[in-house]
Amino acid sequence: MIFQDPYASLNPKMRIAEILQEGMDALSIAKNSDERQRRIDELLEQVGLEKASKWRYPHEFSGGQRQRIAIARVLAVNPNLLICDEPTSALDVSVQAQILNLLKSLQQQLGLSYLFISHNLAVVEYLAHEVYVMYLGRIVERGTVKEVLHAPKHPYTQALLSAVPRIDGQGMKTIRLPGETPSPSNPPQGCHFHTRCAQAMAKCREVYPGETIITATHRVHCYLAAE
Ligand code: SF4
């Protein structure tokens with residue numbers, strides 16, 4: 001897992017080599033010390049850091065470098081799936097781009113899958129193949145990037161996309177959602193979105209809408225899509 005805040009996710013008392021080694025030791029990945037050191041050097045190179053970085057401590061690195069170390073730490077255990085929890089949201093915009101490019105190239109080189117959690121739709125469009133939109137803990141729409149971000153069917157997805165500012169002023173008309181987000185531990189009956197949906201009908205307040213199949217890959221939980 002790659003966490004959101006690289007200032008909190010690395011142990012400040014451990015050198016980088018120890019941080020990278022911890023998972024390898026736990027899963028008995030390297031046979032001996034030489035092999036471990038070789039792997040640590042290789043990992044640092046893979047994420048664009050110098051080999052000598054391994055003798056330093058986390059506080060000696062910038063936010064972007066720390067996130068590179070966090071990526072090296074997950075690669076150390078040869079994963080198939082990486083869970084990336086908003087891994088760029090705590091970074092400056094220029095550094096965000098570097099980390100996203102690194103994640104994209106590692107995905108291609110190593111054949112990794114990412115479960116990437118984000119509020120930034122531009123990041124989702126850049127990195128994802130398949131998108132799941134959640135509201136109050138439930139998936140309300142899913143599909144390919146093209147389907148969900150360019151032809152959204154659920155009113156919540158449409159509202160999210162309408163909130164993205166466009167420099168050319170050509171974006172969708174902003175859809176304002178009234179009221180507050182209800183508590184996920186006590187969601188409203190029926191469609192959880194009905195308290196904020198301008199298109200809510202009587203049945204929306206009673207029964208949660210089932211899945212409507214738009215295409216083989218595009219699915220929506222909304223009565224409007226079923227009509
Ligand atoms: S099911 Fe009803 S309340 Fe829910 S998103 Fe669709 S129209 Fe709005």
Side-chain angles (χ1 to χ4, degrees), residues 1-5 81-91 93 96-97 99-100 103-104 107 112-227:
M1 180 149 181
I2 304 169
F3 297 93
Q4 186 171 359
D5 182 0
L81 172 70
L82 267 62
I83 299 176
C84 309
D85 183 10
E86 300 254 21
T88 56
S89 59
L91 306 174
V93 173
Q96 284 186 16
I99 296 297
L100 289 172
L103 285 171
K104 197 164 194 168
Q107 186 184 44
L112 299 168
S113 296
Y114 297 151
L115 176 59
F116 197 97
I117 301 155
S118 182
H119 288 93
N120 185 332
L121 296 177
V123 168
V124 172
E125 182 158 19
Y126 180 67
L127 209 58
H129 299 108
E130 213 175 311
V131 183
Y132 290 66
V133 180
M134 298 186 76
Y135 184 75
L136 291 187
R138 293 184 83 152
I139 294 165
V140 296
E141 180 160 10
R142 67 184 168 105
T144 62
V145 167
K146 200 169 162 202
E147 288 166 337
V148 175
L149 300 189
H150 296 281
K153 294 282 182 268
H154 196 283
Y156 180 58
T157 316
Q158 290 165 353
L160 287 178
L161 286 163
S162 80
V164 177
R166 289 263 309 250
I167 205 159
D168 58 4
Q170 299 296 310
M172 295 165 67
K173 188 167 175 292
T174 305
I175 301 168
R176 298 196 181 280
L177 300 181
E180 297 290 323
T181 311
S183 164
S185 62
N186 185 24
Q189 193 187 334
C191 171
H192 295 353
F193 189 57
H194 82 75
T195 54
R196 310 182 77 198
C197 180
Q199 300 169 78
M201 302 164 271
K203 61 182 169 184
C204 303
R205 296 181 186 89
E206 287 157 18
V207 183
Y208 193 86
E211 187 179 73
T212 297
I213 299 172
I214 311 287
T215 68
T217 47
H218 195 183
R219 312 289 166 100
V220 185
H221 286 268
C222 173
Y223 289 118
L224 293 173
E227 285 174 356

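Both counts, for ligands and for their atoms, begin at 1 and track the order of listing.
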Could you list the residues that satisfy side-chain hydrogen bond (donor to acceptor under 3.5 Å, both in side chains) with Thr157, not counting sequence neighbours?
Glu141
Listed partners of His129 passing side-chain hydrogen bond (donor to acceptor under 3.5 Å, both in side chains), at least two apart:
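Applying side-chain hydrogen bond (donor to acceptor under 3.5 Å, both in side chains) to His129 gives none.
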Does Arg138 qualify as a cation-pi partner of Tyr208, given the criterion of NZ or CZ under 6.0 Å from the six-membered ring centre and within 45 degrees of its axis?
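Ring-cation test returns yes.
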Tyr156 versus His192: any side-chain heavy-atom pair under 4.5 Å?
no
With a 4.5 Å limit on heavy-atom distance, are the side chains of Val140 and Tyr132 in contact?
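They are not in contact (no side-chain heavy atoms under 4.5 Å apart), so the answer is no.
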Can you list the residues that meet the salt bridge (Lys or Arg N to Asp or Glu O under 4.0 Å) rule with Arg219, with sequence neighbours excluded?
Glu211
So, at under 2.8 Å, which protein N, O or S atoms would a careful student list around atom 6 (Fe) of ligand 1?
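The answer, once waters are left aside, is Cys222 SG.
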